[in-house]
Every structure is written in C-alpha cells, then in structure tokens.
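Report on one structure; see the data block that follows.
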Amino acid sequence: MDVMLHGIDVVKEYDNGELKVVAVKGMNFTINKGELVVILGQSGAGKSTLLNLIGGMDYVTSGSLIVDGNDISKYTTKQLIDYRRNNIGFVFQFYNLMPNLTAKENVELATELKKDALDPVEVLTSVGLKYKIDNFPAQLSGGEQQRVSIARAIAKNADIILCDEPTGALDYETGKEILALLAKQAREFNKTVIIVTHNSALSDMADHLIRVKNGQIAVDQYNDNPKDIKDIEW
C-alpha cells in the first residue's frame, strides 16, 4: 500500500514560561492511503494533539511529519493554511457549523477555495440529507448536523479526513450511522480516515489501531478482519 503519513520522532511541547508540557513524546508511525485508522486514548493521552499536528492546526516542536511525501513539520504558516485547505477534511464532535447558513451553504463554504471540490448537493444527498439541504442547523437533529459536517469534509475532496470524537455528542444508533458513513469513505473512496476516540469498542472497526498513552504510542497494530460497524457494541 502507498504511505500517506509517516511520523518520525514527532515531539510537541508546550511552554508557558514556567511549566513545560510534553504532549507528544517522540512518536513514530506510518499510516497508509485508504486506511480507516482509530487513534485510541484517554483524556490527556496526546491523541488530540497528534490529530492537530496531522491536520496542520499546530506546529511540530521536533521530528518530521511527512504527508504524501511532503514534510509538513517544515512548512511556513502560509503553507500550513494551504495544506489544511487542500489536503484535510475535518469532522468535529460538536459539528462547528455556521448557524446562519443552510446545510448546503455550510458545505459550499468549505468548497469555495478548492478547485477539485465535489458538488455540495450531490454530497449532501449521499449522506442522506437530500430533503434537508435548505435547512439551517437549528432545524436539524444532532445526527443530521453531523452528517452536514461529514458532507463538508467529503466535499472538499481531501485525501485525509480527520475526526475528533465524531460520535461523542450522538446517541448510540445515530453514532453507528455516522461511523458507517466515515468507514465508507475509506473502504469505497480510498480516503485516509483517522478517528480519534476514547471509546475502545471502535478499535474493532479499524484497519489500523494506534493506542496512545502518556504522549507515546503504546500499541500500533493492524486488523486483518475489521468488524462491520453494525456488529460493534458499546
């Protein structure tokens, strides 16, 4: 398989002048194109920091983070902005939708600056929102809002989709529907989908599990027979 992400001795430190916190302590990992990856860990383990580094939302303190052959740890601020715009789709726990824009307009906003973006209406239809495209977020359920968030990430036509606790604000059944949509992006469209979660049950659905503990990778393993989301319980 082709390598999408390669981390080499990745370190992230935060220094407020009095206290230095090392959130990521020399992580080494490889993630391939088209993988469904679950990054598992408790609060404070470093998993969200790692996600922010991969997404270009924060800077690597030392080490290298190579994405599709490019070392983004050496990028300037402008290069990181372009990287986020062109290479990354984000799905957040609390949706991060613009409340004064319709579902369609929220997706369009993410695609305006992307040359090869997908059609917002087609993507919203593909996630089950064909008849809700003109609704505002307040007129949608939590699950529907998360579908808009996923549609926004898909429509960018980015190589990598990063998901930070994407089912954390949803009920059980709706959460499983959202996970199925994300898995479809990896399995059918060859996108690299990375899900950060504290829910260990989700490890069974992953092609690749990375367990993070105390800023380090404690487990890095592949699953030859990932479970269908409908068969996972928590």
Side-chain angles (χ1 to χ4, degrees), residues 1-93 96 110 113-116 153 156-166 182 185-186 190-198 206-222:
M1 296 181 71
D2 295 330
V3 173
M4 175 57 75
L5 287 155
H6 187 40
I8 305 169
D9 297 326
V10 177
V11 173
K12 178 60 187 178
E13 296 180 353
Y14 297 99
D15 191 346
N16 65 7
E18 298 179 1
L19 180 66
K20 180 182 289 186
V21 176
V22 185
V24 172
K25 305 173 183 176
M27 289 188 184
N28 292 280
F29 57 90
T30 298
I31 293 172
N32 295 314
K33 292 182 180 179
E35 281 186 348
L36 177 61
V37 184
V38 168
I39 299 179
L40 184 65
Q42 296 304 310
S43 178
K47 62 186 188 300
S48 290
T49 300
L50 177 59
L51 194 78
N52 289 339
L53 295 175
I54 293 172
M57 293 182 287
D58 209 343
Y59 295 93
V60 173
T61 302
S62 64
S64 295
L65 186 51
I66 300 167
V67 182
D68 205 16
N70 300 300
D71 190 351
I72 69 168
S73 61
K74 304 296 192 293
Y75 275 11
T76 63
T77 299
K78 183 182 183 305
Q79 285 176 311
L80 280 179
I81 291 171
D82 289 339
Y83 166 72
R84 291 195 300 269
R85 177 183 297 155
N86 294 306
N87 299 86
I88 304 294
F90 294 100
V91 179
F92 301 98
Q93 178 175 352
N96 286 11
L113 300 176
K114 189 73 163 44
K115 293 180 180 178
D116 62 344
K156 286 182 70 177
N157 202 20
D159 296 322
I160 302 169
I161 299 177
L162 301 180
C163 314
D164 193 359
E165 298 282 7
L182 293 171
Q185 290 304 303
N190 202 39
K191 302 297 184 182
T192 302
V193 179
I194 302 175
I195 300 173
V196 161
T197 183
H198 67 276
D207 301 313
H208 185 180
L209 171 66
I210 297 174
R211 187 186 296 270
V212 177
K213 186 176 182 180
N214 296 324
Q216 297 177 308
I217 293 178
V219 174
D220 187 346
Q221 66 185 34
Y222 288 87

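Values reported hereafter were calculated over all heavy atoms of this structure, with side chains retained and with hydrogens, waters and symmetry mates removed.
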Return yes if some donor-acceptor pair links the side-chain N/O of Gln79 with the main-chain N/O of Ile72 below 3.5 Å, else return no.
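Side chain of Gln79 to backbone of Ile72: no pair is present.
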Atom pairs and distances, donor-acceptor, side-chain atoms in residues 19-37, under 3.5 Å, two or more places apart:
unit_1 : atom_1 : unit_2 : atom_2 : d
Lys25  : NZ     : Asn214 : O      : 3.3
Asn28  : OD1    : Asp9   : N      : 2.8
Asn28  : ND2    : Asp9   : OD1    : 3.1
Asn28  : ND2    : Gly26  : O      : 3.4
Thr30  : OG1    : His6   : ND1    : 3.0
Asn32  : ND2    : Glu35  : OE2    : 3.1
Lys33  : NZ     : Asp68  : OD1    : 3.3
Glu35  : OE1    : Asn32  : N      : 3.2
Glu35  : OE1    : His208 : ND1    : 3.0

Listing, residues 58-67 side-chain donor-acceptor contacts under 3.5 Å, not counting sequence neighbours, or none:
unit_1 : atom_1 : unit_2 : atom_2 : d
Asp58  : OD1    : Lys12  : NZ     : 3.1
Asp58  : OD2    : Tyr14  : OH     : 2.8
Tyr59  : OH     : Thr77  : OG1    : 2.6
Thr61  : OG1    : Glu13  : N      : 2.8
Ser64  : OG     : Asp71  : OD2    : 3.2

Minimum heavy-atom distance Ala158-Gly89, with the two atoms named:
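Closest approach of Ala158 to Gly89, heavy atoms only: CB-N, 3.7 Å.
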I need the [X] [atom1] to [Y] [atom2] distance, nearest 0.5 Å.
X	Y	atom1	atom2	value
Thr76	Tyr83	OG1	OH	14.0 Å
Gln185	Ile161	CD	CD1	4.5 Å
Ile160	Asn86	CD1	CG	12.0 Å
Phe90	Leu51	CZ	CG	7.5 Å
Ile194	Leu50	CD1	CG	8.0 Å
Ile195	Leu209	CD1	CG	11.5 Å

Whether Asp82 and Arg84 form a salt bridge (side-chain N of Lys/Arg under 4.0 Å from carboxylate O of Asp/Glu) is what I want to check.
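No salt bridge links Arg84 with Asp82.
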Indicate every side-chain donor-acceptor pair of residues 39-49 with a distance under 3.5 Å to a residue at least two apart or in another chain.
unit_1 : atom_1 : unit_2 : atom_2 : d
Lys47  : NZ     : Gly41  : O      : 2.9
Lys47  : NZ     : Gln42  : O      : 3.2

